[in-house]
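Residue numbers begin at 1 in each chain, while the letters A, B, ... track the order of the sequences.
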Number of protein chains: 2
Amino acid sequence: MDKIKIIIADDHPMMRSGVKSVLLADPQIEIIAEAKDGDEAFNLILKHQPDVALLDVEMPKITGLEVVRRIQSENVKTKVIFLTMYKAEDMFNEAMDSGAYGYVLKENAVEDVLESVKSVHQGKYYISPLISDYLVKRINTQNDLKSKTPSINDLTQTERKVLKLISLDKTTQQIADELFISYKTVENHRNNISKKLNLSGTHSLVKFAIKNREKL
Amino acid sequence: MDKIKIIIADDHPMMRSGVKSVLLADPQIEIIAEAKDGDEAFNLILKHQPDVALLDVEMPKITGLEVVRRIQSENVKTKVIFLTMYKAEDMFNEAMDSGAYGYVLKENAVEDVLESVKSVHQGKYYISPLISDYLVKRINTQNDLKSKTPSINDLTQTERKVLKLISLDKTTQQIADELFISYKTVENHRNNISKKLNLSGTHSLVKFAIKNREKL
DNA sequence: AGGGGGCTGAGTGTTTCCACCTATATAAAA
DNA sequence: TTTTATATAGGTGGAAACACTCAGCCCCCT
């Protein structure tokens with residue numbers, strides 16, 4: 001049986017060392033490359049077409065999520081496992097929607113990583129037990145099909161631009177000046193954004209904007 | 001020459017593996033124990049009295065900073081190096097004030113960790129180059145002694161309570177109701193907090209509150 | 001030709017927040 | 001004991017944000 005070819009990507013060299021030392025202990029696995037950011041990871045995956053890619057979600061240049069989306073549109077058969085420290089539910093959901101096969105928490109035991117690689121290589125999914133309840137929740141929410149928690153994707157181009165500027169703590173007037181549009185127009189955009197995202201309250205828009213700044 | 005005795009502490013097993021695999025490569029170093037949280041780390045340091053302790057700043061139960069403070073009051077000669085992913089300036093300052101000998105970023109090369117251990121063992125300090133400008137800044141601000149960038153510690157008990165509630169996106173009226181005080185009083189607190197923290201602008205207080213929510 | 005969606009601008013009114021200021025009571029500190 | 005810090009509460013004025021409505025313009029699609 002052939003070895004499982006893997007590439008790993010994480011912006012922390014120390015973390016890469018850890019993953020390497022764990023995976024190398026298993027003779028069934030071969031690490032053929034490693035990357036320090038999403039850009040590098042994507043290129044290496046294209047070049048080597050490994051069986052499995054172990055990606056950190058947060059990386060410089062390109063996020064791990066974006067890497068998955070790209071390799072899918074490139075029609076590469078590499079299966080992706082996310083290795084992250086965040087239990088955040090929406091991040092998990094995004095990861096799963098993007099088409100990942102695994103979601104492993106860094107706080108989990110080292111054995112989990114080995115397990116996940118093997119499982120995913122066999123075509124199975126592998127989710128850290130600590131967040132398996134998110135999975136259940138997803139299944140339930142899929143049943144009442146039309147709910148669809150509102151997300152950034154529902155926003156138009158201009159609305160995103162405005163939201164982006166809000167996240168930078170600009171006032172409505174400043175945004176208006178910056179985009180060469182009227183104060184009132186910006187207010188309307190704010191209003192529409194709030195409605196689309198189902199937000200209310202003086203600061204909820206700002207909070208949301210800050211929280212999702214990178215995605216804009 | 002004796003080996004350098006080390007204990008390492010990090011809540012991510014994978015990261016511990018990484019550190020271990022790097023340090024074990026050097027015959028001069030001996031890892032005598034490892035911990036998964038601050039509590040464990042503190043006890044192991046007391047018990048083994050190692051030369052150097054490599055601590056993560058963020059750990060369950062007890063933070064790394066707290067561990068340093070404790071071992072100092074216990075009069076243990078172990079020197080502490082912080083290993084963290086955060087470049088946050090105030091965290092760095094806190095770390096240095098607590099009495100640490102090293103501050104190494106996880107994003108740095110693995111060689112840095114080795115270097116830091118050896119340097120610190122020789123009684124020297126070791127700070128990641130990426131944040132050395134913080135050091136310079138500290139020196140400068142020590143000269144004009146009274147400046148002291150304002151921080152949460154300047155706030156009174158009540159002000160913290162208010163700020164805590166602000167971080168939860170409560171409005172002034174809601175905070176007033178919750179604390180059984182007048183609307184105007186809360187407004188005064190907001191005002192005082194803003195002044196103490198040197199903030200201005202409609203949302204800066206909220207932003208600050210959210211950013212520092214955990215510390216309240 | 002019509003409808004829908006998106007961007008623009010405006011009107012009107014309310015709520016919330018910000019920045020000062022004054023003032024009293026109390027407890028701690030100098 | 002006087003001073004200082006803290007918590008409390010009120011007043012005024014203005015800035016910013018929120019909510020809702022209406023309307024013109026453009027573009028795309030059926």
Checklist entry - Can you find a side-chain donor-acceptor pair between A:Q122 and A:S119 that sits under 3.5 Å? => result no
Checklist entry - If you measure only the distance, is there a donor-acceptor pair under 3.5 Å linking the side chains of A:E187 and A:N191? => result no
Checklist entry - Quick one: does A:D11's side chain have a donor or acceptor within less than 3.5 Å of a partner on A:D37's backbone? => result no
Checklist entry - First and last nucleotide of DNA chain C in contact with chain A, 5' to 3', at under 4.0 Å to a heavy atom: what are they? => result C:dG6 to C:dC17
Checklist entry - Given D:dA17, is OP1 or OP2 found less than 4.0 Å from the side-chain N or O atoms of A:T172? => result yes
Checklist entry - With a cut-off of 6.0 Å (strictly less than), are more than 12 heavy atoms of other residues, nucleotides or ligands near NZ of B:K118? => result yes
Item to check | Non-hydrogen atoms of A:I31 and A:L23 that approach each other most closely | outcome: CD1-CB, 4.0 Å
Item to check | For DNA chain C, the residues among residues 177-192 of chain B that have a non-hydrogen atom under 4.0 Å from it | outcome: B:Y183, B:E187, B:N188, B:R190, B:N191
Which whole-number value in Å describes the distance from [X] [atom1] to [N] [atom2]?
| X | N | atom1 | atom2 | value |
| --- | --- | --- | --- | --- |
| A:K195 | D:dA19 | NZ | P | 9 Å |
| B:E159 | D:dA5 | CD | P | 12 Å |
| B:Q157 | D:dA5 | CD | C1' | 14 Å |
| A:L165 | D:dA17 | CG | C1' | 16 Å |
| A:L199 | D:dA17 | CG | P | 15 Å |
| A:I166 | D:dA16 | CD1 | C1' | 12 Å |

Next on the checklist: Angle between ring planes, A:H203 versus B:H203, binned at 30° and 60°: parallel, tilted or perpendicular?
Outcome noted: perpendicular
Checklist entry - Using 30° and 60° as the class limits, which term best fits the ring planes of A:Y103 and A:F82: parallel, tilted or perpendicular? => result perpendicular
Item to check | Within-4.5 Å side-chain heavy-atom neighbours: B:T84 and B:K106 | outcome: no
